[in-house]
Amino acid sequence: MDSPAAFTVAFSGPEGEYSLTYTPDGDNNVIEVTMSGIQMTWNVEVVELGPDSVWEIEGLTRGTKSLWGDVYWFTLYCGAQARIEYYGNQVLWRTDRSA
């Protein structure tokens with residue numbers, strides 16, 4: 001699977017600032033997340049180059065049940081200003097923007 005190089009980006013959300021670190025590793029790409037002092041590893045399911053040549057990285061937010069009460073699908077957009085969207089049952093739950 002083609003993917004962008006490794007990167008770290010900070011976001012701002014209701015929990016305050018948090019960071020995501022994307023690590024490409026062939027078909028086992030992961031995102032390491034530290035949010036509200038909780039460290040999580042989210043497996044990446046989809047990496048594709050979307051419209052306007054912006055990388056879209058998608059997967060499940062494993063480990064968020066204790067924080068948010070559920071697990072969500074995420075789509076991370078790696079454009080000039082990165083954003084991450086969280087979906088529950090295919091409905092947009094929230095959008096966080098890079099800090």
Side-chain angles (χ1 to χ4, degrees):
M1 147 179 1
D2 287 338
S3 73
F7 64 86
T8 299
V9 63
F11 286 93
S12 183
E15 301 80 11
E17 287 195 15
Y18 62 98
S19 64
L20 304 177
T21 300
Y22 171 73
T23 306
D25 184 19
D27 289 333
N28 298 313
N29 301 338
V30 296
I31 291 181
E32 299 291 334
V33 182
T34 302
M35 184 182 295
S36 295
I38 300 171
Q39 294 182 334
M40 299 168 270
T41 300
W42 299 348
N43 293 329
V44 173
E45 305 293 332
V46 178
V47 177
E48 60 188 11
L49 199 54
D52 301 321
S53 298
V54 171
W55 284 104
E56 298 175 10
I57 300 172
E58 302 179 54
L60 287 175
T61 63
R62 302 194 193 287
T64 57
K65 198 157 192 160
S66 64
L67 185 64
W68 294 336
D70 209 343
V71 175
Y72 294 87
W73 183 260
F74 69 86
T75 302
L76 171 60
Y77 297 91
C78 305
Q81 177 167 359
R83 75 179 191 276
I84 187 165
E85 296 176 345
Y86 297 99
Y87 294 86
N89 294 327
Q90 300 179 348
V91 175
L92 180 64
W93 175 56
R94 82 184 217 200
T95 301
D96 293 348
R97 302 202 180 276
S98 58

Contact summary for Ser3 and Pro24, nearest pair of heavy atoms:
OG-CB, 3.3 Å

CG (Asn89) with more than 12 external heavy atoms under 6.0 Å
no

When you measure from the side chain of Thr64 to the backbone of Asp70, do you find a donor-acceptor pair of N or O atoms at a distance under 3.5 Å?
yes

Pairs under 3.5 angstrom only: tabulate donor-acceptor contacts from the side chains of residues 79-86 to other protein residues two or more places apart or in another chain.
from	atom 1	to	atom 2	distance (Å)
Arg83	NE	Glu85	OE2	3.3
Glu85	OE1	Tyr87	OH	2.5
Tyr86	OH	Tyr18	OH	2.9

Identified side chain to side chain contact (heavy atoms under 4.5 Å, CB included) counterpart of Leu20 within the set Asp96, Ile31, Thr34
Ile31

Over all atoms of both residues, closest heavy-atom pair of Thr41 and Arg62:
O-CB, 4.0 Å

Pairs under 3.5 angstrom only: tabulate donor-acceptor contacts from the side chains of residues 49-57 to other protein residues two or more places apart or in another chain.
none

May I ask whether Val30 and Val46 are part of the same hydrophobic cluster, defined by side-chain heavy atoms of I, L, V, M, F, W, Y residues being less than 4.5 angstrom apart, directly or through others?
no

Asn29 and Tyr22: which non-hydrogen atoms are nearest, and at how many Å?
ND2-OH, 3.1 Å

Would a single hydrophobic cluster contain both Leu92 and Tyr77, if residues Ile, Leu, Val, Met, Phe, Trp and Tyr are joined by side-chain heavy-atom contacts under 4.5 Å?
no

Is there a side chain to side chain contact (heavy atoms under 4.5 Å, CB included) between Phe11 and Leu76? Walk through the geometry before answering.
CA-CA 11 Å; Phe11 286 93; Leu76 171 60; 3.5 Å; yes

If we ignore hydrogens and angles and just use 3.5 Å, is the side chain of Trp73 paired with the main-chain N or O of Leu60 as donor and acceptor?
no

Scan for salt bridge (charged side-chain N to carboxylate O under 4.0 Å, His left out) pairs involving residues 8-17, sequence neighbours excluded, and state none if there are none.
Glu15-Arg94

